[in-house]
Amino acid sequence: MIYISYFCARKTATPERFYSSMNIQEEISSAVQQAVAALYQQEIGDVILQPTNKEFEGTYTFVTFALTKTLRQAPAQIGQAIGNWLVDNTSVVQAFNVVQGFLNLSVADAAWREVLTDMATNPSFGTLPATGKSVMVEFSSPNTNKPLHLGHLRNNFLGDSVSRILAANGYDVIKTCIVNDRGVHICKSMLAYQRFGNGETPESSGMKGDHLIGKYYVLFDKAYKAEIETMVAQGTDKEVAEKTAPLMQTVQQMLRQWEQGDPEIIALWNKLNTWVYAGFDTTYRSIGVTFDKTYYESQTYLLGKEIIEEGLQKGVFYRKDDNSVWIDLTEEGLDQKLVLRSDGTSVYMTQDLGTTELKYSDFNCDRQIWVVGNEQDYHFNVLFAIMRRLERPYANELYHLSYGMVDLPTGKMKSREGTVVDADDLIQETTDAASAAADDAAKGKLDGFTEAEKTSLFEMLGLGALKYYLLKVDPQKRMQFNPAESVDLHGNTGPYIQYVYARIRSVVRKAAEMDVAIDGAIAATDLDDIEQQLIFLLSQFPQRVADAGQNLAPSYIAQYAYELAKTFNQFYDKLSILKETDAEKLNNRLILSNLVAETIRKAMGLLGIDVPEKM
RNA sequence: GGUCCCGUAGCUCAGUUGGAUAGAGCAUCUGCCUUCUAAGCAGACGGUCAAGCGUUCGAAUCGCUUCGGGGUCACCA
């Protein structure tokens, strides 16, 4: 033994005890406080317990280093004293060992059984009490000139999952989407369609509407570049050519016509947008994302001017000689920022000031969250700073959930270079991969499945793989998308976790066939280490939901679901459930397995991932 | 250049307010199905936590510096 000190103590008999709304961790924490008070006549603050390292015996560990100064004792001595006190004075702690400043605590089986009972009999386990507060989550926010791509998927999955997590944290959640349906970009598609479309429709081309419009957006770019090239060849300066190319001039003209309400242009705009929305709807349906309210920029882009006026009167903004309006945010460490153009028209910021106000007046949410890529960090810093300057009551409850870009193994995705990964294609590929994998992995398991059932299973697995792949990474971090890994079904993946659910469901079905009734009560049997571990992990779930809500981090839930699934697989391999001859143990294991399945279903549900009964 | 984010195993990533010998998955290699779903389990291999200095009982985590990668600094959105 390389450690300086190593003590052990064990109690032989543990009296049964009733714990109402059992929380072992809290119980031990406060017991440690009592121990210190009793042993040293000292008050200590919050006691933090950490999970015990796997190589040591115990479940919870209390670190005593920090107490050495106030208690004037060596860390191991303190651990030994507190450990003894806990074993003598509580029924939760049944044994302990001390390794230097680490007090490792083992929990009595009776306490574990009590916890398991509490969790298993609580249908809303993992759902936190209502806060009485509401939060708005804005995400997705597509442009109407091209289909959704991989980057949008990260955004959508994040926004959807965060909404679910907040709901589980007791918030009323309003999901919103702002469709960017106006501006130069859509005019480009419109113009290209007008020139080269020949009346093509989604029906005639067999293309999804959003893909069709995306095609014309690309066509515009090609034709535009060709014009520039010709002009440059004829001696025009490149920058001048970019601005004066006939196609660009026409697009600008079209935008003006749109703003003036030109009937012909509006009709074209409506027609193309209708196609795009139909395409988007299909994609949203396939990924299971919905919104409570959709805002259209065409209806909100004029908002915000009243706020500019208000800000001018309050002296928050100032007007320059050219009539443009600005705010000086150098005190906040930001810059001077334009909030209204010299010609009186809105910029992005003007609009966002207006829509923030609009969303607040529509729903009165206590908090607003924007799921937007981190390239807009600065924009949101400015937006929030302005709202604080304008003394909006909600100004401190605005949050930008900033997420990193998705890179391909080949580098950055660039729409102009055609290196974007299309969302619909990707979903199809993951579904195909799940189907292909089933050929050699599923063996006879899917024999009773109809073709439709198989298709729906493969969609569930493919989408599960994709969602999990994008959500398991910390949102803030830039991540790399590896196509081969994203469709993998093994290891730390969505389908691995889905598999555990299906596995448990299969066992439960078999139990029913064998007429093994699952008695709701937990019998007083000894628990294996792996069973204790499972119960411990299960008991962490509500806290994990809270942490994920606090940090708006679906990755916490993903990580948790994997940990739980992995631990269950170890349990499944080590101990038999249905072959267990002790009827009480069998019953306990079925209850435990059932709870694992339910918790996996809930955790995956928070990620927006469904789980199959069979796979 | 100002400012913000990032740098952990060959690759992709965990590492929750500072805690024990830094963990998973993939890849490579080796075992385990007449037994509840092997889409599984177990094991091996793999690290100067970008580098340096500092704070402390203790640093991947906090501070400073350097190097490297990226975002942003539009009368675009």
Side-chain angles (χ1 to χ4, degrees), chain A residues 2-3 46 48 50 52-56 61 63 65-66 68-69 75 99-102 104 141 143 180 183-185 297 301 320 322 324-326 333-335 337-343 345-349 351-352 373-379 381 402 404-405 407 409 412 434 437-438 440-445 461 469 472-474 476-482 484-485 488-493 495-496 498-500 502-511 514 543-544 547-548 550-551 553 555-556 558-559 562-563 566 569-570 572-580 589 593 614-615:
Chain A
I2 54 166
Y3 304 105
D46 283 348
I48 295 164
Q50 61 188 59
T52 303
N53 270 19
K54 276 178 193 153
E55 66 234 60
F56 301 108
T61 293
V63 182
F65 288 109
T68 51
K69 274 182 186 163
V99 183
Q100 298 178 87
F102 299 91
N104 302 321
S141 306
N143 289 351
N180 191 348
V184 177
H185 60 275
E297 206 183 294
Y301 79 107
K320 283 192 180 174
D322 66 0
S324 58
V325 180
W326 296 72
L334 303 164
D335 302 303
K337 187 79 187 170
L338 176 97
V339 292
L340 194 70
R341 289 196 188 96
S342 51
D343 64 4
T345 59
S346 300
V347 289
Y348 182 39
M349 188 58 71
Q351 263 182 66
D352 253 5
N374 63 11
E375 70 272 14
Q376 294 196 35
D377 284 354
Y378 183 78
H379 172 78
N381 281 336
S402 164
M405 286 185 184
D407 287 327
K412 256 179 101 160
D440 50 65
K443 307 219 169 83
K445 291 175 200 166
L461 298 182
Y469 183 83
K472 73 175 173 181
V473 180
D474 181 348
Q476 201 185 332
K477 286 191 179 169
R478 193 185 186 97
M479 67 174 290
Q480 195 175 116
F481 180 84
N482 183 315
E485 278 179 23
D488 200 352
L489 317 167
H490 309 282
N492 189 356
T493 67
Y496 172 91
Q498 290 169 316
Y499 175 69
V500 170
R503 228 180 184 185
I504 296 173
R505 298 300 298 158
S506 170
V507 172
V508 171
R509 279 193 301 272
K510 282 255 160 67
M514 292 163 55
Q543 185 59 48
R544 207 62 80 95
D547 291 344
Q550 186 77 34
N551 295 291
S555 57
Y556 286 22
Q559 218 64 39
Y562 174 65
E563 223 176 313
K566 187 178 161 69
N569 271 337
Q570 291 167 344
Y572 183 89
D573 192 69
K574 185 178 178 186
L575 304 172
S576 183
I577 302 167
L578 298 177
K579 297 261 154 57
E580 173 57 53
R589 286 180 193 160
S593 301
K614 289 182 188 174
M615 70 180 271

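These numbers come from a predicted model, not from an experiment. Just so we're on the same page: letters track the sequence lines, and every chain starts at 1. Note: hydrogens, waters and symmetry copies are ignored here, and every other heavy atom, side chains too, is used.
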Inset, instruction - Any chance you could encode RNA chain B as dot-bracket? Rule is Watson-Crick or G-U wobble with both distances under 3.5 Å; [ ] for pairs crossing earlier ones, | for another strand. - result: (((((((..((((.....[...)))).(((((.......))))).....(((((..]....))))))))))))....
Inset, instruction - Please work out whether the ring planes of A/Y496 and A/Y562 are parallel, tilted or perpendicular, with thresholds of 30° and 60°. - result: tilted
Inset, instruction - Kindly point out which of B/C26, B/G70, B/C4 is positioned nearest to the side chain of A/K412? - result: B/G70
Legend entry - Shortest side-chain distance from A/R503, nucleotide among B/A24, B/A38, B/C13: B/A38
Inset, instruction - Mark this stacking check for A/F56 against B/A20 as yes or no, applying ring centres under 5.5 Å and ring planes under 30°. - result: yes
Legend entry - Greater than 12 external heavy atoms within 6.0 Å of A/E375's CD: yes
Legend entry - Side-chain donor or acceptor of A/N53 paired with backbone N/O of A/E55 under 3.5 Å: no
Inset, instruction - Determine if A/F65 stacks with B/G19; use a centre-to-centre distance below 5.5 Å and an interplanar angle below 30° as the criteria. - result: yes
Inset, instruction - When you get a sec, tell me which of B/A42, B/G19, B/C36 is the closest nucleotide to the side chain of A/K566? - result: B/A42
Inset, instruction - Determine the Euclidean distance between corresponding P atoms of B/A9 and B/C5; express it in Å to zero decimal places. - result: 22 Å
Legend entry - Minimum-distance nucleotide (side-chain atoms of A/E485 versus B/U16, B/U12, B/A38): B/U12
Inset, instruction - Send over the distance from A/Y469 OH to B/C11 P, rounded to a whole Å. - result: 14 Å
Inset, instruction - Could you grab the distance from atom CG of A/D335 to atom CG of A/N381, nearest 0.5 Å is fine? - result: 11.0 Å
Legend entry - hbond_proxy A/K579 side chain to B/U35 base (donor-acceptor, 3.5 Å cutoff): no
Legend entry - Between C1' of B/G25 and CG of A/N569, the distance in whole Å: 14 Å
Legend entry - Candidate nucleotides B/C5, B/C13, B/A14, ranked by approach to the side chain of A/Q476 - the nearest: B/C5
Inset, instruction - Give a yes or no answer on whether the side chain of A/Y499 reaches the backbone of A/H490 with a donor-acceptor pair at less than 3.5 Å. - result: no
Inset, instruction - Write down the distance between CG (A/N374) and P (B/G70), rounded to a whole number of angstrom. - result: 14 Å
Legend entry - Nucleotide B/A39, atom P - distance to CD1 of A/I504 in whole Å: 16 Å
Inset, instruction - Could you check how far CG of A/D474 sits from C1' of B/C6, rounded to whole Å? - result: 11 Å
Inset, instruction - Would you mind telling me which of B/C13, B/C36, B/A39 lies closest to the side-chain atoms of A/L489? - result: B/A39
Inset, instruction - Take A/T68 and A/R509, find for each the nucleotide of RNA chain B with the closest heavy atom, and name the residue whose nucleotide sits nearer the 5' end. - result: A/R509
Inset, instruction - Indicate whether OP1 or OP2 belonging to B/C41 is found under 4.0 Å from a side-chain N or O atom of A/Y496. - result: yes
Inset, instruction - Specify the residue among A/K54 and A/V184 whose closest nucleotide of RNA chain B lies further upstream toward the 5′ end. - result: A/K54
Legend entry - Length of the line joining A/D547:CG and B/A14:P, which is rounded to integer Å: 16 Å
Legend entry - Whole-Å distance separating the NZ atom of A/K477 from the P atom of B/G71: 18 Å
What N/O pairs connect the protein and nucleotides 58-64 of chain B at under 3.5 Å? Give each pair on its own line.
none

